Amino acid sequence: MRLNLIYKYSFIITLLYLITACTNGIEESSVGNSQEEGKEIPVNIMPKLVVGDENEVSQLRVIIFSTRTSNPYASRVLISNQLIDLNEDYTAITYIGYNDIYVIGNEPIDLSNVKRPEELKNIQMNTEGSLNASKFVFFKKLLNVNVRNKNEIYLEGESTPVSELEIKLQRVIAKLSVNFDLSTEIYEEQTPTGTYVNFESMELIRIPKYSYLIPETYKKEEGFLDNRVFLLKNSSTDQNHFTWSSGEIYLPEYILENDDYKVELRIKGTSKGTTHIYTLPIGDAMNAVDSHSTDWNITRNRHYRLTIKAITGYGEESLEVKTSVAGWSEINVPIDITGTSFLAVNKRTIEVKSLRFYTYVRFACSNPIEVELPIGVSIDNQLAFTIEYDDASRRSGRIGFRRGNWNTGQNITYVTTLKSGSSSVQINLQLFKSEIVDRGSAQGTWAAAMGYPAEANNKKVGYYNDELYKKATTETGCRAYYPQGVDPDDPIRGKGCWRLATIRENWSFQIKMTWAIEEFSATDGYYTTAPNTLMNVAKSQKRYYNCALDVRPPELSDFIASSKDVPKVSKENAESICTKLGAGWRLPTGEEMNYVFLNAGTNGLPNNFFSDSYWGKNADNTFIVATMSDPDGSATTDELRKQSHTVRCVKSRYSN
């Protein structure tokens, strides 16, 4: 396929040019000395495909705009817009001056009516169909081609002329290949952890709905396609080794308006029922050295080939980028990209009402948890917390908060930050002013005031001792108290909801001497006095006491849970897992799953819940999926129901 350009100009144009050149002091010696006016000048223009053979192009169009003068800043007018016969020479007409030449193969729409360069800039291509197509649009533009005379064609920025134009067509789409070849064992700082990941799937997110014929910035308002999901199927026969190749995945060119909306590859794997997500942005900035770019653009005709060779953490990956496919622009620099840390909690606001008992929030994370209290909040005196991990991996568990003994509280909210790696979550801890009751003339030993048997007078007990609490044969002191007019079994203000007041609570409330919940020693307790002073007296003495509202001691749940997770179960098989356990076993309801997420490890429930998504079934036979962010499964989608999740069965603790 040969294209012959004829460079044609008239005497009038030449005269006008010479006048302009003399007036403006422009020196264009070779133009003024042309001896080839009006003659055909055969110039070979061979559109050359960067990839593949010419038969991948079914049609080819050439559009030329020219200034028709030697002024590079003059307006360009349409000179030629024609389809080319792929098998014959083509003669195009242009003029001395600056020319913009566009060559389009397999045009996405009919471009025969294009008359201005601006019209080309607005050509959008729907990318949804082309992501899997074997026939691509090819494109190349040569701007500011300075035609002076025969064999004097100057490309933009070049000082040496050429006699022919070689146009290397490029696909307007990019290619991605993802290859896994790695041990499934997780490493931390090059040290094996003994923990293995089962890779399940990967997905591409934020794929733009359109790309442009001429590279243009893509605005997020134009929208994105649905995520593309690929199931990962291991083809390795070696133990604890994973191999898989994606083949060629095509992506539209994507020049970002906002770096927050870059295309990302998310790789999903599970370990002991816990999901781990490894996130990697795709684009030129994977190799700033080669591309001279720090932007995460997806560039046309570029092949991004990723070889995943190691896992370096829970939510991180080590990747190597290689390309050696002829014809595609290559990226060939090893890179090490850290993944995104993650932290998920099942609630963001907690009412911290108790001095004796922790209120819990469950979490799943990529790194061990850190708790950052607000400035000025002291541990124990104002607020206490405990971190309880589900297992040695420290990737899930619960954090408990309770009020400090020195915090009588006005109503206040502490904004506390949880951190895991580079991720952080803020939770609101709501504390309330203490409600204290003067027990009047009621007296008793320290143990009796606490509601314990007499042996507590000879032991260091702390704020609450479950063993001693259960040993008591009668309810005494604050344990037996409930306000007049309140049902003694009321779960909020009835018996068991009240405790002995603290030192600070006594000082803020009354004038007479009273027992405090704090202990001086195993045999002595603190006795507070009205002027805010303390005495240590024998616990066996009978003294006055005040009670403060707390919460009931934890009681057993109405149901029991099976002993271990059964992961990767489809909806069709979920119920059969429970049936096999025997009579009474079933999937939990949403209410029960919410209770488990809140109280795992207490109330007779196990603490080895390692997954972040569990099957459940409500009374109306609706299947639900309970997750960290949706513990009762009320927001379950049809898409979630199509996926595999973990099963943990329950049955009633008490017979009917």
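Hydrogens, waters and symmetry mates are skipped; everything else that's a heavy atom, side chains included, is used. Since the model is a prediction, treat every value here as computed from it, not as a measurement.
Here the closest non-hydrogen pair linking T359 and E351 is OG1-O, 3.4 Å. In this structure, Y414 and L431 approach most closely via the heavy-atom pair CD1-CD1, 3.9 Å. Nearest heavy atoms, L500 versus Y545: CD1-CB, 3.5 Å. Nearest heavy-atom pair, P553 versus Y464, reported as atom, atom and distance to 0.1 Å: CB-OH, 3.4 Å. Across all non-hydrogen atoms, the minimal contact from A447 to P453 is CB-O, 3.4 Å. The shortest heavy-atom contact between Q382 and G376 is OE1-O, 3.0 Å.
Shown here are the salt bridge (charged side-chain N to carboxylate O under 4.0 Å, His left out) partners of R479, two or more places apart in sequence or in another chain: there are none. When the disulfide bond (SG atoms under 2.5 Å apart) test is applied to C649, the partners found at least two apart in sequence or on another chain are C578.
Judged by the 6.0 Å and 45° rule, R266 forms no cation-pi pair with Y278. Under a cutoff of 6.0 Å and an axis angle of 45°, R641 and F623 do not form a cation-pi pair.
Looking at R653 and S557, their side chains do bring a donor and an acceptor atom within 3.5 Å of each other. For Y196 and N198, the side-chain atoms include no donor-acceptor pair closer than 3.5 Å. Checked by atom type, the side-chain pair D550/S354 shows a donor-acceptor distance below 3.5 Å. Between T514 and N506, the side chains place a donor N or O and an acceptor N or O closer than 3.5 Å (distance only, hydrogens not considered). Side-chain polar atoms of T349 and Q430 form no donor-acceptor pair below 3.5 angstrom. In this structure, a donor-acceptor pair under 3.5 Å is present between the side chains of Y595 and N603. Inspection of the S434 and E505 side chains reveals an N or O donor paired with an N or O acceptor under 3.5 Å. Of the N and O atoms on the side chains of E518 and Y463, not one donor lies less than 3.5 Å from an acceptor on the other residue.
The aromatic rings of F224 and Y261 lie parallel to each other, their planes meeting at an angle below 30°, with 60° marking the opposite boundary. Ring planes of W406 and W507: perpendicular class, angle over 60° (limits at 30 and 60°). Ring pair Y614/F597 is perpendicular by interplanar angle, where above 60° counts as perpendicular and below 30° as parallel.
The side-chain heavy atoms of W615 and V625, taken from C-beta on, include a pair separated by under 4.5 Å. Using a 4.5 Å heavy-atom cutoff, the side chains of T386 and I399 are not in contact. You'll find the side chain of V569 reaches within 4.5 Å of the side chain of I577, heavy atoms only. The shortest distance between side-chain heavy atoms of D630 and S634 falls below 4.5 Å. Within the 4.5 Å cutoff, side-chain heavy atoms of I436 are placed close to those of S508. The shortest side-chain heavy-atom distance between K651 and I560 falls under the 4.5 Å cut-off. Counting heavy atoms from C-beta outward, M513 and Y544 have side chains that stay 4.5 Å or more apart. Side-chain contact between N428 and R348 is absent, with no heavy atoms from C-beta onward closer than 4.5 Å.
Although no hydrogens or angles enter the test, the distance criterion places a donor-acceptor pair under 3.5 Å between the side chain of R403 and the main chain of T408. Of the possible polar contacts, none joining the D565 side chain to the P567 backbone as a donor-acceptor pair under 3.5 Å is found. The main-chain N or O of F520 is never found under 3.5 Å from a side-chain atom of N536 such that the two would form a donor-acceptor pair. Between the side chain of D620 and the main chain of T622, a donor-acceptor pair closer than 3.5 Å is present. A donor-acceptor pair is defined here as one N or O able to donate and one able to accept, closer than 3.5 Å; no such pair exists between the side chain of K539 and the backbone of N458. Judged purely by atom type and a 3.5 angstrom limit, R586 has no side-chain atom pairing as donor or acceptor with the backbone of V650. For H645 (side chain) and L640 (main-chain N/O), a donor-acceptor pair under 3.5 Å exists by modelled atom type. Distance alone, capped at 3.5 Å, is enough to place a donor-acceptor pair between the E592 side chain and the T589 backbone. Put simply, the side chain of W446 gets close to the backbone of A516: a donor and an acceptor are under 3.5 Å apart. Within the 3.5 Å criterion, the main-chain N or O of N405 finds a donor-acceptor partner in the side chain of T502.
One distance of note links CZ of F401 with CG of L429; it measures 5.0 Å at 0.5 Å rounding. Between the CE atom of M593 and the NZ atom of K617 there is a distance of 16.0 Å, given to the nearest 0.5 Å. Going from atom CG of L383 over to atom OG of S378 covers 8.5 Å, rounded to the nearest 0.5 Å. Note that CZ of F363 is 5.0 Å distant from OH of Y389, once rounded to the nearest 0.5 Å. Within the model, atoms SG of C547 and CZ of R439 stand 5.5 Å from one another, a figure rounded to the nearest 0.5 Å. Rounded to the nearest 0.5 Å, atoms CG (N407) and CD1 (I412) are 7.0 Å apart.
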Would you check, one step at a time, whether the test side chain to side chain contact (heavy atoms under 4.5 Å, CB included) holds for Y526 with M535?
CA-CA 6 Å; Y526 282 114; M535 297 172 57; over 6 Å; no
Evaluate E519 against K460 for salt bridge (charged side-chain N to carboxylate O under 4.0 Å, His left out), listing each step before the verdict.
CA-CA 7 Å; E519 301 162 277; K460 187 88 172 194; 5.2 Å; no
Before you tell me yes or no, could you show the steps for K470 and D466 under salt bridge (charged side-chain N to carboxylate O under 4.0 Å, His left out), namely the whole-Å CA-CA distance, both residues' side-chain angles and the distance that decides it to 0.1 Å?
CA-CA 6 Å; K470 293 175 181 177; D466 187 61; 2.9 Å; yes
Evaluation steps, side chain to side chain contact (heavy atoms under 4.5 Å, CB included), between L418 and S424:
CA-CA 5 Å; L418 308 183; S424 64; over 6 Å; no
Stepwise salt bridge (charged side-chain N to carboxylate O under 4.0 Å, His left out) test for K471 and E455:
CA-CA 10 Å; K471 277 187 177 183; E455 64 182 278; 3.6 Å; yes
Set out, in order, the CA-CA distance, both residues' side-chain angles and the distance that settles side chain to side chain contact (heavy atoms under 4.5 Å, CB included) for Y482 and R493, then state yes or no.
CA-CA 7 Å; Y482 59 95; R493 299 176 62 80; over 6 Å; no
Step-by-step side chain to side chain contact (heavy atoms under 4.5 Å, CB included) determination, V197 to T270:
CA-CA 5 Å; V197 170; T270 58; over 6 Å; no
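Aromatic rings of Y527 and W515 (six-membered ring for Trp) have centroids within the 6.0 Å cut-off, being under it. Here F199 and F180 bring their ring centres to under 6.0 angstrom of each other.
Other residues, nucleotides and ligands contribute at most 12 non-hydrogen atoms within 6.0 Å of the CD atom of Q484. At most 12 heavy atoms of other shown residues, nucleotides or ligands fall within 6.0 angstrom of atom NZ in K419.
With respect to R394 and E388, no salt bridge is recorded, no charged nitrogen being found less than 4.0 Å from a carboxylate O.
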